[in-house]
2 protein chains.
Amino acid sequence: MTGVSQATVSLVLNGRDDGNVRIAPETRERVLHAIRTTGYVADPVARRLAARHNRILGVFTYEPVFPTGTGDFYHPFLVGIEECAERLGCDLLLLTSAPVAGGRRRIFHDDNRLRLADGCVLLGRSLDHDELTRLVTEGQPFVSVGRRDDAGGPVPYVGADYPTATAAVVRRALAAGHTALAYLGQGSGPESHADRMRGFRAALDEAGRTPRHLPTTDRSPAELLDALLAAGVTAAVVEEYADGVAIAQLARERGLDIPGDLSILALGDPTRPASTDIDFTGFRIPRREMGWQSVEVLTGLLEADPETVPQRLVPCQPVDGATLAPPKVTP
Amino acid sequence: MTGVSQATVSLVLNGRDDGNVRIAPETRERVLHAIRTTGYVADPVARRLAARHNRILGVFTYEPVFPTGTGDFYHPFLVGIEECAERLGCDLLLLTSAPVAGGRRRIFHDDNRLRLADGCVLLGRSLDHDELTRLVTEGQPFVSVGRRDDAGGPVPYVGADYPTATAAVVRRALAAGHTALAYLGQGSGPESHADRMRGFRAALDEAGRTPRHLPTTDRSPAELLDALLAAGVTAAVVEEYADGVAIAQLARERGLDIPGDLSILALGDPTRPASTDIDFTGFRIPRREMGWQSVEVLTGLLEADPETVPQRLVPCQPVDGATLAPPKVTP
DNA sequence: TCAAGGTGCTAATACGAATTATCGAGCGGC
DNA sequence: GCCGCTCGATAATTCGTATTAGCACCTTGA
């Protein structure tokens, strides 16, 4: 149309005008005019092929990204992820094609599409250790949302600082006068549980008090409450929000006063659907912030030295709540 | 690695085994094994450039996909979209990189990345008419979730059958004895509003009753309620769920009985956050189903003749609710 | 008049896969 | 020994853009 080569069009299109490349203003104008009248747009696909990267960030979750349950675990993370991706001009690829095996999606399989994206954000309460190891050893660019233990090497992550947040909650209970505290929950398994337990132990050790642990697996709320009272516990530090709700409700049904007779401290927001009007003392997990930062970290990883393994802990926000009170003095 | 050419790998990768192409089973196995161990994946971009498809479906929304508000408008659609994509083995590309202009994202701009995906699902209360026209005229494969008027040609869509659902609701009110019905809302603008209004008019015309229209723009719930009562309306057909909630609450505060003194019929689920314990009579929009079907239609469009313009209306599910009662006989 | 240096543009190639025409090997049959 | 045939695999080309080396032309200065 303008009697000019494809290369020239490309140069004009990208506004190149540095030392090595020069286009006569008159030619540039002619090309621009042609572009305007035809409405020509460079094919994004070819563009990405030549540029060697996509500006696509993968999002892998072990469960559906859009869950049906109301107490939506992933949603806040995704809000942050989307916000940051939008700001950076990246698109998000939801890796929904991963086939389900044993109730969970798998990253690696015959038709692994992870590499569709420049890098990947991994979301999930616990990640498959073998898959994580493989990601690390293969040097795939990814970031885990949530701290992870080493898996064949350090894992890049953006996690919540559970030890610090849990310790802070425990210290508040100690300051209120509690001496008999118990940790309700697994306290091990996923890193997020182990981290809470570490914070719990650390704060009690520091104060010279005995940390007690009440595993919740296979025990009904009634059994748990009985055990708590039998042990003379005055403040229960609850790993799972939903467990806290169940115990509080049961306690009130039995005529106990929360927090008068028993203080309950929740270590984070609900992960399972749980509706209640109880305003728990504890902390809030900065999920949106974590999502945001994970994208930030991932893009940093892609642009900068891929050798560095970024690991960030984001502080949790304390919640005053109404389930902590000084223990009653036993007569 | 396998001492085999790139072409062979491509053939194996795509499982080609038709008349013109033959691969020895032994070679195929060797290549497949190498693919498995290395976790090799064909670059989707190159693939799309060469083959014109990459099993990626785009999802474009005019607002963030993961909204912060609780009354989440897109969520149910996305659940359906994800389910269907998962079943079909497609990945979803959330086009978050679209730059925001005037408070909304735009599809077309300098670096339009829509074409990275094989096709695209468009989500939004109302779509930009010019962009829609351009999509249609350029023959881009896409499906709108929600019925759309022609825009330079018929628009492929999967919409909710608002006219039928609205007419059914109105007929129920008529059957209950109501004669003075009013439509509360815009009744025009977005197709979804116009469609409801059409159903409303049709059912009343059919019964020989006068359709009344009460526009809601810039009027407070108090003004609306006053207008309803002044006009002797006994059944209000409400376009926006939230408006229904506001009016019902106000009416109850004033000592009116809902539905004794005034029946309220809601034309769909909440689109704006609205919490209430009122169980509205009306219908439910089959959002998840619409999401699912939109993906189904889109893939059909991609595989089959792209000349056909699929247009589907999904029926809404009636909700009995508790806000419809026979009108009081005026003394 | 010719080398040196600057200017404006293009030819060629890369990007990574899909596709197709073609080629070589092995095997009968006459 | 030659032709025809099938089977397997590959070289070469394509998709549309970005990039870079280098060519042709012009100006300047001695």
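Each chain gets a letter, A, B and so on, in the order the sequences are listed, and its residues count up from 1.
The main-chain N or O of Val45(B) is found under 3.5 Å from a side-chain atom of Asp43(B) such that the two form a donor-acceptor pair. At least one donor-acceptor pair closer than 3.5 Å links the side chain of Thr96(B) to the backbone N or O of Cys90(A). At distances below 3.5 Å, at least one donor-acceptor pair connects side-chain atoms of Glu191(B) with backbone N or O atoms of Asp149(B). Panel note: side chain Arg30(B), backbone Thr2(B); a donor-acceptor pair is recorded below 3.5 Å. Under a 3.5 Å cut-off, the side chain of Asp161(A) and the backbone N or O of Val314(A) do not form any donor-acceptor pair. Side-chain atoms of Thr308(B) do not come within 3.5 Å of backbone N or O of Pro310(B) as any donor-acceptor pair. Judged by distance alone, with hydrogens and angles left aside, the side-chain atoms of Arg147(B) form no donor-acceptor pair with the main-chain N or O of Ser192(B) at under 3.5 Å. In this structure, the side chain of Ser10(B) does not engage the main chain of Gln6(B) through any donor-acceptor pair within 3.5 Å. Proximity of a side-chain donor or acceptor of Gln311(B) to a complementary backbone N or O of Val155(B) within less than 3.5 Å is detected.
Within 4.0 Å of Asn14(A), counting heavy atoms only, lie sugar-phosphate atoms of the nucleic acid but no base atom. Val9(A) comes within contact range of no nucleotide atom at all, as no heavy-atom separation falls under 4.0 Å. Within 4.0 Å (heavy atoms only), Val45(A) reaches no atom of the nucleic acid at all. Backbone-only engagement by Ala24(B) is indicated by non-hydrogen atom pairs under 4.0 Å involving sugar-phosphate atoms exclusively. Counting any heavy atom pair closer than 4.0 Å across all strands shown, Ala42(B) reaches sugar-phosphate atoms only and no base atom.
Seen from the ring of Phe108(B), Arg134(B) counts as a face-on cation partner, given the 6.0 Å and 45° thresholds.
Partner of Tyr62(B) under the side chain to side chain contact (heavy atoms under 4.5 Å, CB included) criterion, out of Leu127(B), Leu122(B), Leu123(B): Leu127(B) alone.
Within residues 31-39 of chain A, no residue has a heavy atom under 4.0 Å from DNA chain D. Non-hydrogen atoms lying under 4.0 Å from DNA chain C are contributed by Leu49(A), Ala50(A), Arg52(A), all within residues 46-56 of chain A.
Positionally, the nearest nucleotide of DNA chain D for Thr8(A) lies more toward the 5' end than for the other of Thr8(A) and Arg22(A).
In summary, contact between chain B and DNA chain C, defined as any nucleotide atom under 4.0 Å from a heavy atom of the protein, begins and ends at dG16(C) to dT19(C) in the 5' to 3' direction. Protein chain A contacts DNA chain D over a range whose 5' and 3' limits, counting nucleotides with an atom under 4.0 angstrom from a non-hydrogen atom, are dG16(D) to dT19(D).
Between Arg287(B) and Pro76(B), the shortest heavy-atom distance links the atoms CB-CB, 3.5 Å. Between Leu302(B) and Asp118(B) the shortest heavy-atom distance is CD2-O, 3.4 Å. The minimum heavy-atom distance between Cys120(B) and Leu95(B), with the atom names listed, is SG-CD1, 4.0 Å.
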Query raised in the report: Once Watson-Crick and G-U wobble pairs under 3.5 Å are found, how is DNA chain C written in dot-bracket notation, 5' to 3', with | for any base paired to another strand?
Result: ||||||||||||||||||||||||||||||
Under 3.5 Å, side-chain donor or acceptor atoms of residues 51-60 of chain A against the rest of the protein: list the pairs with distances, not counting sequence neighbours.
| residue | atom | partner | partner atom | Å |
| --- | --- | --- | --- | --- |
| His53(A) | ND1 | Ala51(A) | O | 3.3 |
| Asn54(A) | ND2 | Leu116(A) | O | 2.4 |
| Arg55(A) | NH1 | Leu88(A) | O | 3.0 |

Requested in this report: Test Arg312(A) against Glu296(A) for salt bridge (charged side-chain N to carboxylate O under 4.0 Å, His left out), laying out the working first.
Outcome: CA-CA 11 Å; Arg312(A) 278 197 205 173; Glu296(A) 205 170 59; 3.2 Å; yes
